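Have a look at the structure below before the remarks.
Here is how names work: the chains are called A, B, and so on, in the same order as the sequence lines, proteins then strands, and each is numbered from 1. Predicted model only: the values in this text are computed from it and were never measured.
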Protein chains: 2
Amino acid sequence: MAQTTMGAVIDDLSFLLARANAVSLEAASAALRPFGLKPRSYSVLALALSDHRPSQREIAEYLRLDPSQVVALVDDLQSRGLVERETDPSDRRAKVVTATVDGARLFATAGARVRQAEREVFGVLDEAERAMLRKLIDRVAFPD
Amino acid sequence: MAQTTMGAVIDDLSFLLARANAVSLEAASAALRPFGLKPRSYSVLALALSDHRPSQREIAEYLRLDPSQVVALVDDLQSRGLVERETDPSDRRAKVVTATVDGARLFATAGARVRQAEREVFGVLDEAERAMLRKLIDRVAFPD
DNA sequence: TATTGTTATACTCTATAACTATA
DNA sequence: TATAGTTATAGAGTATAACAATA
């Protein structure tokens, strides 16, 4: 069916966003599966590699997850030797999550596959359109 | 934290899409809660009101849900007298889902609140930008 | 044989509250 | 008192397979 058979029955921006996200998420999940990663754990790994050295609290906010969910995600990555927890010396309550060498390596290879899957999903748009979409959607995603 | 404190750590289009969707979904869920609806059931109700007279199978494809999930959603709406199931005379396996008068009425009032919530979420963009976003995202959501 | 709807089940994800250690 | 992380648990959502009715 899809748009052609049924037409734009629902044209709410939020519905289109939800459906596009479902399409994109499915492709990313499939690309990550061979690496034992999911979109969530992949995102945590990405943040663990950032110069910002994020705490779990920051990861939770950035990914819009409950802190308790981040515990489980980091537990999993840590048990596989992909990230490490370090107590922040300036605030001993906080734990900074950093990627290991193995984590960085896995992220590099998995990331290539994710970007490939992304090119397929967003390939219906040309380069300029993708840039435009990124700019617009970023403002909705991070309304500062 | 958000973008300002942490910067654009992850700039994947798929990640931005996921986060924007989370923002939008949260607003829509909150707007629908007083009506006993969720984004999913609201979408089913919207489809049940369409001229297309969709079968459950078509609803499942359009919303990217498993047919068995549509059963549960329609069960709920039907038990509340908002939709009805009619056996399609041309294919007696299929069940067409149509909204009742009560369903149409609820959709009208709930829809107004959803659109209000949507204006808040997408209000960071001006009218032309929203139209552009809709056009771009529609092609990703329905790659025909 | 294939498809629509249905049921059942196991699994994942989500939401919430309570607890600890630090601040 | 408040915050970061953790644990536990219940609820919602998801995926899968099997089945009956119809094609």
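A straight line from CG of A:L65 to P of C:dT12 spans 17 Å, rounded to a whole angstrom. Whole-Å rounding puts the A:L25 CG to C:dT12 C1' distance at 13 Å. For B:I59 and C:dG5, the CD1 to C1' distance is 12 Å, given to the nearest whole Å. Spacing between atom CD of A:Q56 and atom P of C:dA21 amounts to 16 Å, rounded to whole angstrom units.
Across residues 30-44 of chain A, A:K38, A:R40 each have a non-hydrogen atom less than 4.0 Å from an atom of DNA chain C (numbered order).
Contact between the side-chain N/O atoms of B:R85 and the OP1/OP2 oxygens of C:dT6 is found at a separation under 4.0 Å. Taking side-chain N and O atoms only, A:R93 has no distance below 4.0 Å to OP1 or OP2 of C:dA21.
When the nearest nucleotides of DNA chain C are assigned to A:Q69 and A:S90 by heavy-atom distance, the more 5′-ward of the two goes with A:Q69.
Under 4.0 Å is where a charged nitrogen must lie from a carboxylate oxygen, and between B:R115 and B:E118 no such pair does. Taking 4.0 Å as the cut-off between side-chain N and carboxylate O, B:D102 and B:R105 count as a salt-bridged pair.
Residue A:D88 is out of contact with every strand shown, counting any heavy-atom pair closer than 4.0 Å. A:D66 comes within 4.0 angstrom of a base, heavy atoms only.
Ring geometry for B:Y62 against A:F15 counts as parallel: the plane angle stays under 30°, on a 0 to 90° scale with 60° as the upper cut. The aromatic rings of A:Y42 and A:F107 lie parallel to each other, their planes meeting at an angle below 30°, with 60° marking the opposite boundary.
Residues B:Q56 and B:P67 form no side-chain contact, since every pair of their non-hydrogen atoms from C-beta on lies 4.5 Å or further apart. The shortest side-chain heavy-atom distance between A:L32 and A:P39 falls under the 4.5 Å cut-off.
The span of DNA chain D lying next to chain B, judged by atoms under 4.0 Å from heavy atoms, is bounded 5' to 3' by D:dA12 to D:dA23.
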After noting the C-alpha distance and the side-chain angles of A:K95 and A:E86, does the key distance pass the side chain to side chain contact (heavy atoms under 4.5 Å, CB included) rule? CA-CA 5 Å; A:K95 298 199 181 154; A:E86 297 169 23; over 6 Å; no

Please step through side-chain hydrogen bond (donor to acceptor under 3.5 Å, both in side chains) for the pair B:E84 and B:T100, ending with a clear verdict. CA-CA 7 Å; B:E84 281 170 356; B:T100 63; over 6 Å; no

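Between the base of C:dT16 and the side chain of A:S68 there is a donor-acceptor pair shorter than 3.5 Å.
The local environment of CG in A:D51 is sparse, with at most 12 non-hydrogen atoms from other residues, nucleotides or ligands closer than 6.0 Å.
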